[in-house]
Amino acid sequence: MLGDPPRWLLKRNCCLTPRQLLKVYAVLCAVSFGIALAFWALGARLVLPFAWIEMAGLGLALWVYARHALDRESIVIERGQVHVEQEVAGRVTHVTFEASRVRVGQSGGAQALVELTGPGQEVAVGRYLRPAWRARLADELRAALRGPHGQG
């Protein structure tokens with residue numbers, strides 16, 4: 001048997017998972033509302049409504065961040081097929097190409113996204129790579145398609 005099929009897993013560079021982000025948000029809310037309640041008890045009645053507005057705004061921003069924290073692209077070449085799976089904001093798309101008929105290109109230059117095209121379909125990958133590394137991804141994909149896993 002030939003070893004494991006070539007695969008690439010490209011993920012967004014995020015320092016916090018959504019679960020960790022929720023914990024941080026909960027701590028920030030507790031601290032902010034604790035301070036606001038202390039000032040409210042001392043007679044500063046407008047501090048508490050502004051704390052609610054502040055935490056709502058922060059919550060919205062963190063929600064937008066968390067929706068994309070798990071974004072990823074997966075490329076696998078096996079048994080003569082190229083499988084590309086992309087997850088963006090929880091929505092997963094899957095495209096399969098015949099390895100013998102797929103073309104790898106970068107129409108916008110070496111720093112553009114890598115385009116995989118086949119009969120009737122096209123997908124761009126590499127959005128989570130530094131632009132300078134996208135040409136290397138394209139070269140690796142071309143080499144893998146010439147190898148035993150891309151041949152079928």
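Note that the coordinates shown come from a computational prediction; the quantities given were computed from them, not determined experimentally.
Nearest approach of Leu16 to Ala69, heavy atoms of both residues: O-CB, 4.2 Å. Nearest heavy atom pair, residue Ala66 against residue Leu21, reads CB-CD2, 3.8 Å. In plain terms, the two heavy atoms of Glu115 and Ser107 that are nearest each other are OE2-OG, 2.9 Å. Shortest non-hydrogen contact noted between Gly118 and Phe97 is N-CE2, 3.6 Å. Residue Gln86 comes nearest to Val123 through the heavy atom pair OE1-CG2, 3.5 Å, listed as atom of the first residue, atom of the second, then distance. For the residue pair Arg142 and Gly105, the shortest heavy atom distance occurs at NH2-CA, 3.9 Å.
Here the OG atom belonging to Ser32 is positioned 9.0 Å from the CG atom belonging to Leu58, to the nearest 0.5 angstrom. To the nearest 0.5 Å, atoms CD (Glu87) and NZ (Lys11) are separated by 11.0 Å. In this structure, CD1 on Ile75 lies 5.0 Å from CG on Leu137, to the nearest 0.5 angstrom. How far CZ of Arg12 is from CG of Asp71: 4.5 Å, rounded to the nearest 0.5 Å. In this structure, CG in Leu70 is found 7.5 Å from SG in Cys14, a value given to the nearest 0.5 Å. Distance check, rounded to the nearest 0.5 Å: CD of Gln111 to CD of Gln106 gives 9.0 Å.
Under the 4.5 Å side-chain criterion, counting only non-hydrogen atoms from C-beta, Val102 is not in contact with Thr117. Between Leu116 and Glu122 the shortest side-chain heavy-atom distance does not fall below 4.5 Å. His94 has its side chain out of reach of Val84: every pair of non-hydrogen atoms, C-beta onward, lies at least 4.5 Å apart. Looking only at side-chain heavy atoms (C-beta outward), Arg127 and Glu73 come within less than 4.5 Å of each other. Leu48 is listed as a side-chain neighbour of Phe33, based on a closest heavy-atom distance under 4.5 Å. Taking the side chain as every heavy atom from C-beta outward, Ile77 and Pro5 never approach each other to under 4.5 Å. Here the side chains of Ile35 and Val47 are not in contact, with every heavy-atom distance at 4.5 Å or above. Pro18 places none of its side-chain heavy atoms less than 4.5 Å from the side chain of Tyr65.
No donor-acceptor pair closer than 3.5 Å links the side chain of Gln81 to the backbone N or O of Glu78. With hydrogens and angles disregarded, no donor-acceptor distance shorter than 3.5 Å links the side chain of Glu98 to the backbone of Val82.
Around atom CZ of Arg45, more than 12 heavy atoms belonging to other residues, nucleotides or ligands sit under 6.0 Å away. No more than 12 heavy atoms of other residues, nucleotides or ligands sit less than 6.0 Å from atom CZ of Phe39. No more than 12 heavy atoms of other residues, nucleotides or ligands shown are found within 6.0 angstrom of CZ on Arg101.
Both Trp52 and Leu62 are part of a single hydrophobic cluster, where members link through side-chain heavy atoms under 4.5 Å apart. Both Leu10 and Val104 belong to a common hydrophobic cluster when Ile, Leu, Val, Met, Phe, Trp and Tyr are linked at side-chain heavy-atom distances under 4.5 angstrom. Connection of Leu145 to Trp8 is established within a shared hydrophobic cluster, with ILVMFWY side chains joined at heavy-atom distances below 4.5 Å, either directly or through further cluster members.
Salt bridge present: Glu140 and Arg136 bring a charged side-chain N and a carboxylate O closer than 4.0 Å.
Using modelled atom types, one finds no donor on one side chain facing an acceptor on the other under 3.5 Å when comparing Glu85 with Thr93.
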**OP:** Check step by step if side chain to side chain contact (heavy atoms under 4.5 Å, CB included) holds for Leu46 and Trp40.
**Re:** CA-CA 7 Å; Leu46 290 179; Trp40 182 78; over 6 Å; no

